[in-house]
Amino acid sequence: MTKESKQTSGYPRARISPPSGEAFPYRHILGIEGLDPSEIQYVLDRAMAYADGEKGNARLRGLTQINLFFENSTRTQMSFEIAGKRLGADVVNLATSSSSIKKGETIFDTAMTLNAMRPDILVVRHGDAGAVKLLSEKVDCAVINAGDGQHEHPTQALLDALTIIRRRGRLHGQIVAICGDISHSRVGRSNIRLLSALGARVRVVAPPTLLPRDIDRMGVEVFWHMQDGLKDADVVMMLRLQNERMQGAFVPSTKEYYHFFGLTPEKLTVAKPDVLIMHPGPMNRGVEIATSVADDLDRSAIQEQVGNGVAVRMACLDILTRHLQGSTA
Ligand code: ASP
């Protein structure tokens, strides 16, 4: 199957023009869906080099990166900003709360306005699934999806994979239990795709109310009880209840949810002794995770995830701007 024919079947098949090289022949990073294992591995290899201390050598000098976040963010926005600056880009953050979006401008008019200022790369987060892809079709530059509704959060999945590989040496064959609000989580969705593509054994653990309807088609093992889903797990990835995306109540109470699905030292006894504990943040302590687990210095990789986020975002910015690098110096 050629790249062109795959573009029509997969979600994010925007082919780069001019190409940045065959290893990653796309103009945008909109999701994990549609990427080949070798393409994912290529991004991870670049990220690994940055995580190992490779300097950016001002590769993005003279290039303009705009961060356009229509939803709240701490880690993702900051790490994209730091990543861009480490690579020498001119980084601009549009504060949507004080922009014309508040005056009723549509995201497409905002995108066209920004496009007229000729940025080289746009990093976009939006509350609606698919909005970032639509926006990418209206602009001339590369676009990175920093989270669109409950759909995808590709750079989070990439940084999670990088964290597992750095800690465990490999992804292939690792038993990864993703627990909590699978239904509303873009992190869960992107991770299921990426981890499965690279050969991990992915489990999801959640009450039936927090499982997506199409879970049977996602190629994962499904568990309703933590003691079953965590058995012999190498990695446990906890997800936050995405209350902002819920209409109505999906759990009886947070107290009851914590009792059955909150990650505690007791529940972890069935996992591998050196199990890796992960969480994309922000954490709700006492809801999906106990403080003693989150702060377990030996087993928690939560702070490493944040650090690896910068390396992954440097890799994405670098790869998507290859054809521009050096042209403005
Ligand atoms: N920060 C992640 C996201 O933007 C996870 C979360 O918010 O729970 O999806």
Side-chain angles (χ1 to χ4, degrees), residues 11-12 29-33 67-83 93 96-97 123-133 135 143-164 176-195 204-207 210-212 235-247 250-251 254 257-258 261-263 277-290 293-294 300-313 316:
Y11 170 71
I29 297 178
L30 300 174
I32 299 298
E33 186 181 2
N67 296 334
L68 180 58
F69 279 62
F70 295 93
E71 259 194 357
N72 295 343
S73 173
T74 305
R75 282 151 284 268
T76 306
Q77 184 167 354
M78 285 299 290
S79 63
F80 265 115
E81 182 169 356
I82 291 169
N93 290 299
T96 52
S97 56
V123 178
V124 187
R125 168 171 287 190
H126 197 277
D128 295 336
V132 180
K133 179 177 188 287
L135 188 146
V143 174
I144 299 179
N145 179 5
D148 63 324
Q150 58 191 49
H151 179 237
E152 282 240 31
H153 192 349
T155 58
Q156 178 70 46
L158 286 160
L159 76 88
D160 290 337
L162 184 68
T163 303
I164 298 172
V176 183
I178 306 177
C179 312
D181 186 358
I182 311 292
S183 188
H184 303 97
S185 173
R186 55 195 176 206
V187 175
R189 245 174 219 90
S190 290
N191 261 300
I192 288 171
R193 290 181 175 130
L194 190 156
L195 297 171
V204 295
V205 191
L210 292 178
L211 286 168
V235 179
V236 177
M237 190 182 289
M238 299 308 297
L239 299 176
R240 181 178 65 86
L241 287 174
Q242 309 280 296
N243 292 310
E244 69 274 31
R245 298 188 214 296
M246 293 181 191
Q247 274 152 6
F250 284 75
V251 295
T254 48
Y257 181 77
Y258 181 68
F261 291 95
L263 190 63
I277 299 154
M278 300 176 69
H279 194 304
M283 276 186 283
N284 285 153
R285 293 166 185 258
V287 180
E288 73 271 5
I289 191 164
V293 174
S300 171
I302 296 170
Q303 294 309 320
E304 284 161 53
Q305 287 174 269
V306 178
N308 288 333
V310 176
V312 157
R313 285 152 187 149
C316 293

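Just follow the structure's listing: the first ligand is 1, and inside any ligand the first atom is 1.
Rounded to the nearest 0.5 angstrom, E304 CD and L159 CG are separated by 11.5 Å. Atom CG of residue D160 and atom NE2 of residue H279 lie 11.0 Å apart, to the nearest 0.5 angstrom.
Closest to atom 1 (N) of ligand 1 among all protein heavy atoms lies G281 O, 2.9 Å. Regarding atom 4 (O) of ligand 1, its nearest protein heavy-atom neighbour is R186 NH2, 2.8 Å.
Under 4.0 angstrom from ligand 1, the non-hydrogen atoms of Q242 all belong to its side chain.
The closest approach between a heavy atom of Q156 and any atom of ligand 1 is not below 4.0 Å. Judged by the shortest distance from any of its heavy atoms, G147 lies outside the 4.0 Å radius around the atoms of ligand 1. Residue contact annotation: S185 has no non-hydrogen atom under 4.0 Å from ligand 1.
In M78, the CE atom is not crowded: 12 or fewer heavy atoms of neighbouring residues, nucleotides or ligands sit closer than 6.0 Å.
Applying the side chain to side chain donor-acceptor pair (under 3.5 Å) criterion to T163, with sequence neighbours excluded, gives N308. Partners of S79 according to the side chain to side chain donor-acceptor pair (under 3.5 Å) rule, which considers only residues two or more places apart in sequence or in another chain, are R313.
Just one of L68, V124, V123 meets the side-chain contact (heavy atoms from CB on, under 4.5 Å) condition when paired with V132; it is V124. Just one of I32, L30, I29, V187 meets the side-chain contact (heavy atoms from CB on, under 4.5 Å) condition when paired with E152; it is I32.
Listed by atom number, the atoms of ligand 1 under 4.0 Å from R125 heavy atoms are 4 (O). Near V187, meaning under 4.0 Å from one of its heavy atoms, ligand 1 places the atoms 2 (C), 5 (C), 9 (O).
Between E71 and R186 there is a salt bridge, since at least one side-chain N of the basic residue sits less than 4.0 Å from a carboxylate O of the acidic one.
Residue R240 holds the heavy atom nearest to atom 7 (O) of ligand 1 of all those in R240, M238, R75.
For R245, no nitrogen or oxygen atom sits less than 3.5 Å from a nitrogen or oxygen atom of ligand 1, counting backbone and side chain alike. Here's the thing with P280: none of its N/O atoms is less than 3.5 angstrom from an N/O atom of ligand 1.
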